[in-house]
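Contents: one structure, followed by commentary.
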Amino acid sequence: MNEQSVLEMRGIYKSFPGVKALQNVDFTLREGEIHALMGENGAGKSTLIKVLTGVYSKDEGDIFLKGIENAVVIHSPQDAQKVGISTVYQEITLCPNLTVAENMFIGRGTGVIQDWKNMNKDADKILMSLGIPAVSTQQLASCSLAVQQMVAIARAVDMDCKVLILDEPTSSLDEQEVQKLFGLMRDLKKKGVGIIFVTHFLDQVYEVCDRITVLRDGQLVGEYEIKDLPRVKLVAKMLGKEMDDMSDIKSDAKTYEAKDKSDVVFEAKDLVSDAGIRPFDFHIEKGEVNGFTGLLGSGRSECVRAIFGADRVLGGEVKKNGKPIKISKPIDAMKNGIAYLPEDRKVDGIIGDLSVRENIILALQVMKGFFKPFTKAQAYAFAEEYIKALNIKTASADTPIKSLSGGNQQKVILARWLLTHPDYLILDEPTRGIDVGTKVDIQKLVLKLASEGMSITFISSETDEMLRTCSRLIVMRDRKVVGELKGDELTQGKIMSTIAGGENG
Amino acid sequence: MSSETKIQTRKVKGGSIFRNQIFIPVAALLLLALFNLIADPSFYKITLGYNSTGDPVLSGYLMTILDYGSELAILAIGMTLVTAASGGQDISVGAAIAIAGSVILRVLCGHDSRPETLQAPIIVAFLVACVVAMLFGAFNGALVAYFKIQPMVATLILFTAGRSIAAWINNNELPIISDPSFAIYGGFIPGIPIPTPFFIAMICVVITMLALKFTNLGLYTQAVGINESSSKLNGLNPAFIKFLSFVLLGLCVAVAGLIKVSRLSSINYSVIAKDIEMDAILAVALGGNSLGGGKFNMLASILGAYVIQFLTTTLYKFNVQSDALPAYKAVVVIALVVMSTPKAREFMSKIGKKLKPAERSVA
Ligand SMILES: Nc1ncnc2c1ncn2[C@@H]1O[C@H](COP(=O)(O)OP(=O)(O)OP(=O)(O)O)[C@@H](O)[C@H]1O
Ligand SMILES: [Mg+2]
């Protein structure tokens with residue numbers, strides 16, 4: 001084992017029924033470095049991490065740690081913690097019905113006796129130092145996804161660890177929170193902690209990382225110093241081919257402008273739900289792509305949830321194609337040609353134990369009716385069609401969705417709603433956890449669907465993604481709509497200032 | 001999107017038979033069968049005799065299993081649905097059977113508790129029992145689905161009160177039916193030597209399988225059991241589906257109740273279908289279904305019911321005292337359930353793989 005490394009993985013193999021997830025992968029982590037682990041959706045990043053932390057047992061290979069002569073055997077995440085590896089997994093693994101403090105301390109410490117009084121105090125201290133807007137005694141479920149993510153990070157970071165693993169920790173954080181996290185990572189790095197960082201955001205990689213390991217289809221592509229690998233090359237390594245179309249989506253965009261889009265497809269007046277948003281007005285035209293923007297917790301998801309009837313609607317009038325309709329629960333919206341891809345994939349999206357096929361057809365099936373199940377053949381045909389169209393990596397249409405990689409699960413949920421062929425499609429963070437190549441594919445798909453006459457509301461934490469796709473942005477702050485931007489106003493700067501409350505506030 | 005597609009349409013067989021859910025009850029059945037074969041092969045003896053009315057009947061331990069396992073299988077159908085949708089179990093089925101049985105007798109007897117002739121057609125009595133049992137199912141279902149009470153706690157109410165209600169329906173009298181046509185359902189159809197409950201169970205199984213094939217019952221209950229919040233956003237009404245599963249269990253209870261009272265042509269309120277809820281729940285578990293809800297395999301549950309009965313009968317055969325029975329059952333069941341956990345199956349399939357090293361490179 002090399003002098004400088006804290007962790008070495010050699011010749012790792014892992015396969016699942018029908019999938020070779022890892023084949024002969026080597027990975028080296030040095031002391032005091034931030035090491036990016038990159039690859040497309042389903043490349044095997046999360047699997048490599050889970051092998052390291054003992055969630056999965058490896059088929060072959062050895063793991064070495066600094067200061068331990070022989071290969072270590074890690075059977076469980078507890079073992080991993082004992083040898084100084086702490087982890088934030090891709091899917092949040094906290095207990096939603098416990099308090100924030102309980103979540104931070106549960107299953108830790110060596111004693112059986114928990115010091116409850118000090119626990120809350122300690123938790124508050126940590127929350128404060130990381131600037132997490134939560135109180136130790138608050139129930140975790142009542143926190144936003146971003147806060148939950150931060151709590152998961154706080155839980156991992158707070159332990160004296162030699163190796164810290166972060167699997168897509170930033171996917172639901174906004175810019176400020178990401179900066180906070182990076183500050184933390186740099187502090188730990190100075191202390192000599194080795195950090196493994198998985199992300200699909202290239203900017204973030206170039207901002208904090210020292211080295212990069214790239215995986216593709218379960219195999220090691222290579223290990224690079226960050227300065228030797230410019231962005232374009234990194235993308236090429238990940239995809240296994242040159243990516244030419246990163247930039248020209250912008251010029252392709254907005255082809256639908258030419259269309260006649262005078263007819264309003266959906267309209268809401270004084271709509272309000274029990275999720276604590278102020279009543280808002282909203283409309284979308286045929287073939288239009290608009291979006292809600294604002295900081296996390298500004299109420300942008302709550303607005304679209306109110307439109308879809310996902311939260312309890314308390315008041316307001318809605319019209320579809322000019323006709324007044326009533327939407328009190330999701331099925332009403334679906335029957336009116338509205339589809340909604342939710343923000344939180346794990347809680348609101350996937351049905352974990354059901355197959356990819358069942359997950360894809362579910363919404364359409366429910367619309368079709370209880371007594372009219374699709375035949376197996378039909379269901380397979382739908383599933384195969386979208387598996388192909390969205391390039392979903394799965395062993396088969398019968399594989400349970402929970403064994404797909406995070407990004408591929410997201411694609412399945414997208415497939416589900418595309419299959420319903422809605423007139424009005426709401427996408428709340430559709431590209432969360434999606435790799436760079438596919439992200440562009442999805443943005444293109446959105447524009448293509450719009451040019452064919454579909455109306456789409458697109459929400460994303462990445463402003464540039466919104467700028468690429470939307471022709472009108474509704475800006476939210478503190479749970480109310482504070483402005484609307486279109487045309488020339490659609491610039492990063494203008495959005496930021498409106499969010500912050502510069503001139504419109 | 002990308003030209004290159006990575007789906008593999010080839011059938012990926014779950015690796016080995018050990019991963020298949022039906023493996024658990026089948027393996028348990030084989031083990032029990034083997035045990036009996038070694039311990040005392042006379043277990044398998046079936047004799048053709050004649051009953052009191054002179055009709056041919058088959059008898060033997062296997063027939064007992066077929067007979068009593070059938071009631072259990074019918075209950076297991078409903079219990080599987082309840083488990084899948086609500087993630088909990090109904091512990092009131094025994095008491096509910098007492099109620100359903102009592103209702104049947106009440107309708108058949110009219111005002112007289114020992115009538116010479118039936119006061120109403122059996123089908124009418126049965127349909128009334130169905131309605132009553134489904135109403136009680138609806139009561140349980142409403143507590144679980146709309147008041148969000150834990151299923152075990154919600155059904156504890158009926159579990160406690162059910163047998164008194166059953167006695168109250170017949171003014172605490174013990175009606176006795178003398179009409180032989182009523183004894184068919186828990187006995188034998190004249191001329192056919194196989195117990196009727198088996199045929200009733202088969203009818204129920206066929207109806208269930210058809211319902212699962214021609215409606216979305218299976219998809220909806222599983223979806224709701226796995227992820228309620230997601231299901232709601234896909235347009236389902238999770239509360240109603242949970243409620244429905246309890247009502248359907250009520251229907252199963254009515255059928256089992258008919259068989260039970262037909263066996264005796266009478267009823268014993270405190271003993272009828274005693275502890276049957278435990279066997280029904282075990283049948284679901286033995287079928288390899290998670291008691292936490294979600295995915296289920298109906299055939300595995302049904303087979304599980306017969307395996308539980310096989311076990312009970314085996315224990316009787318070896319003269320285990322009836323009050324010691326549950327203890328023995330518990331030991332066997334724990335072993336079986338442990339065997340059915342994913343961890344144990346993974347382990348077994350690993351051993352299976354090692355035995356056939358050639359297959360490994362293929363996977
Ligand atoms: N528990 C499992 N059972 C079966 N297959 C699995 C399981 N976990 C992962 N896989 C498969 O292994 C492959 C690698 O998945 P992994 O989750 O490691 O991808 P990833 O690189 O983390 O992708 P993403 O960026 O989408 O998170 C995928 O094809 C996935 O379907
Ligand atoms: Mg992953």
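Computation of the quantities below employed the complete heavy-atom set of this structure, encompassing side-chain atoms and omitting hydrogens, waters and symmetry-equivalent molecules. Chain letters run A, B, ... following the sequence lines, proteins first, then strands; residues in each count from 1.
- Neither the backbone nor the side chain of A:S355 comes within contact range of chain B, judged by heavy atoms closer than 4.5 Å.
- The number of heavy atoms from other shown groups lying within 6.0 Å of CD (A:Q378) is above 12.
- The part of B:Y220 that comes within reach of chain A is its side chain, from C-beta onward, which places non-hydrogen atoms under 4.5 angstrom from that chain.
- Minimum heavy-atom separation, B:S231 to A:I351: OG-CD1, 3.8 Å.
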>> Could you go through A:D348 and B:K232, starting from their C-alpha distance and side-chain angles, then the distance that decides it, and tell me whether this counts as side chain to side chain contact (heavy atoms under 4.5 Å, CB included)?
In response: CA-CA 8 Å; A:D348 291 334; B:K232 201 175 134 221; over 6 Å; no
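- Atom CG of A:L354 sits about 3.5 Å away from atom CD1 of B:I226, to the nearest 0.5 Å.
- Atoms CD1 and OG, on A:I413 and B:S230 in that order, are 6.5 Å from each other to the nearest 0.5 Å.
- One finds the NZ atom of A:K376 at 7.5 Å from the NZ atom of B:K213 (value rounded to the nearest 0.5 Å).
- Looking at A:K346, the atoms closer than 4.5 Å to chain B (heavy atoms on both sides) all sit in the backbone: N, CA, C or O.
- Proximity of a side-chain donor or acceptor of B:N216 to a complementary backbone N or O of A:F371 within less than 3.5 Å is not detected.
- Counting only residues at least two apart or on different chains, the salt bridge (Lys or Arg N to Asp or Glu O under 4.0 Å) pairs with a member in residues 399-409 of chain A are A:D353-A:K402.
- Here the side chain of B:N234 pairs no donor or acceptor atom with the backbone of A:I331 at under 3.5 angstrom.
- The candidate from A:Y340, A:F374, A:W417 with the greatest count of non-hydrogen atom pairs under 4.5 Å with chain B is A:W417.
- Interface check for chain A: of the options B:N227, B:L219, B:L233, B:L217, the most heavy-atom pairs under 4.5 Å are formed by B:L233.
- Neither the backbone nor the side chain of A:K368 comes within less than 4.5 Å of any heavy atom in chain B.
- The candidate from A:V347, A:I361, A:D344 with the greatest count of non-hydrogen atom pairs under 4.5 Å with chain B is A:V347.
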